[in-house]
Amino acid sequence: MPPEDVLPTHLQELRRGSVVLASLIALENPGYGYGLLQTLSDYGFAVDANTLYPLLRRLEDQGLLTSEWDTSESRPRKFYRTSRQGRVIREALIADFHSLGQSFESLQKGVQS
Amino acid sequence: MTSLTDRYVAATLRELPRERREEIGNEVRESIADQVEARVAAGDDESAAEFTVISEMGDPMRLAASYAGRQLVLIGTSVYPTWRRLLIVLVSVVTPIVAIVAGAGAVIDQQSLGSVIGAAVGAALMTAIQVAFWLTLVFAILERTGALAKDPATRDSLKWTPKDLPAGTSTTQGRGDLIGEVVSSTILIGLLVYQTRWLSINGQQMSISNPDADWWVLLMVLTLGASILLALSIGVRGRVSLQQALVNLGLALIAIVPTVYLASADQLLNPTFVSQFAWVSENAQTVNVLICLGFILGWGIDVAEKFVKAYRAKR
């Protein structure tokens, strides 16, 4: 692996799965694919359209999102929203994210002392 | 005229189950339209924007796999080690057996030396290709149907355990290989020299090899002696270098070529020795072919093994 790819690869590994949690948080307010894409990128979650759309679809299949087609606009758009089960999963993921952060911090302190 | 988007959507849906096509098709359209709209709002030309957006969406097969949650591999990481181990075992066991059977069949047919070797090599190649193909097909099906994941008995029987570890600890040329090579080469030299002077059949001293081609015995002794030196030098370094593998190939050719030459002219065996055995004198050609096959197989395996070890040592 070329040295300049090492950091991006590790960052990607570390961030893998963060888009799922970010989507479950953002879709507390109903949103459609492209709008969510922009919201996520505004808040620093870079994701490609060809990753996000299939991901939303899988989360819906898992029952974490619900969807309905909105036909009031000029083009029909599929609006997603976090389901009740999605909220449960979301809270568990947030708790795990915080505990991961705490583990890193206490490990660092343990190494330094 | 169909648009680029239409063609892209169609190509994506082709890879997906029928009942999901309509909805996913609408989603993909929505996704492309929204992205194109944003680019046009930013000042892009519409058809250029469509081209860029679809380029970014990427290979439709990849997108469809992502929707379906499918893997884009023929044989995944979960079964790859088992597939590779089975492939090596099957090819290395089945191929030589088929080669010998095919070669023996050609010998029985009284074919020439060339066509016997051709039959054996051809059968070996076809077998290796067939074994690899069918094994890979079976594993690809197992991977796709998830049969390995579903059936605990099959899964456990293919699961790796510490019992599967190879016996030795060496990753290179083993001590056993070295001793085996030196001992077997020494015995062969002894037999070669012994039969020239001290063998007696039916109370009569005679050699098996043709006394008019004594140079052949000398050549065989020299190549075997050189292969002992080579084995020792490999033993000292602890691994096989490419040069040593090439020297070994050279030795093999020096041993094989004159042997095949003499055998094809029926000059390899002592006519007096041959006349003592009715079956040998009646089937002189078969015997010559078998001797040649034995030489080629024996040296061939050794040559191939050294190249494989040299290749592994390099990595």
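Throughout, protein chains are lettered first and strands after them, A, B, ... in sequence-line order, and every chain is numbered starting at 1.
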More than 12 heavy atoms of other groups within 6.0 Å of B:E22 CD = no
Do A:R57 and B:S66 come within less than 4.5 Å of each other through their side chains, counting heavy atoms only?
-> no
Mind checking which of residues 241-250 of chain B sit less than 4.5 Å from chain A, heavy atom to heavy atom?
-> none
Relative to chain B, which segment of A:R75 carries a heavy atom at a distance below 4.5 Å: side chain, backbone, both, or neither?
-> side chain
Within-4.5 Å side-chain heavy-atom neighbours: B:E27 and A:Y32 = no
Should we count CZ of A:R15 as having more than 12 external heavy atoms under 6.0 Å?
-> no
Of the backbone (N, CA, C, O) and the side chain (C-beta and beyond), which part of B:I32 lies under 4.5 Å from a heavy atom of chain A, both, or neither?
-> neither
Around B:R62, counting heavy atoms of other residues, nucleotides and ligands shown, do more than 12 lie under 6.0 Å from its CZ?
-> no
Rounded to the nearest 0.5 Å, what's the gap from CZ on A:R77 to CD on B:E30? Could you check?
-> 6.5 Å
Where at least one partner belongs to residues 33-54 of chain A, residue pairs that pass side chain to side chain donor-acceptor pair (under 3.5 Å), sequence neighbours excluded | none
Could you tell me which residues in residues 41-57 of chain B have at least one non-hydrogen atom under 4.5 Å from a non-hydrogen atom of chain A, sorted by residue number?
-> B:E56, B:M57
Output every pair passing side chain to side chain donor-acceptor pair (under 3.5 Å) with a member in residues 91-110 of chain A, not counting sequence neighbours, ordered by first then second residue.
-> none
side-chain contact (heavy atoms from CB on, under 4.5 Å) between A:W69 and B:E23, worked out = CA-CA 10 Å; A:W69 284 91; B:E23 175 138 37; 3.1 Å; yes
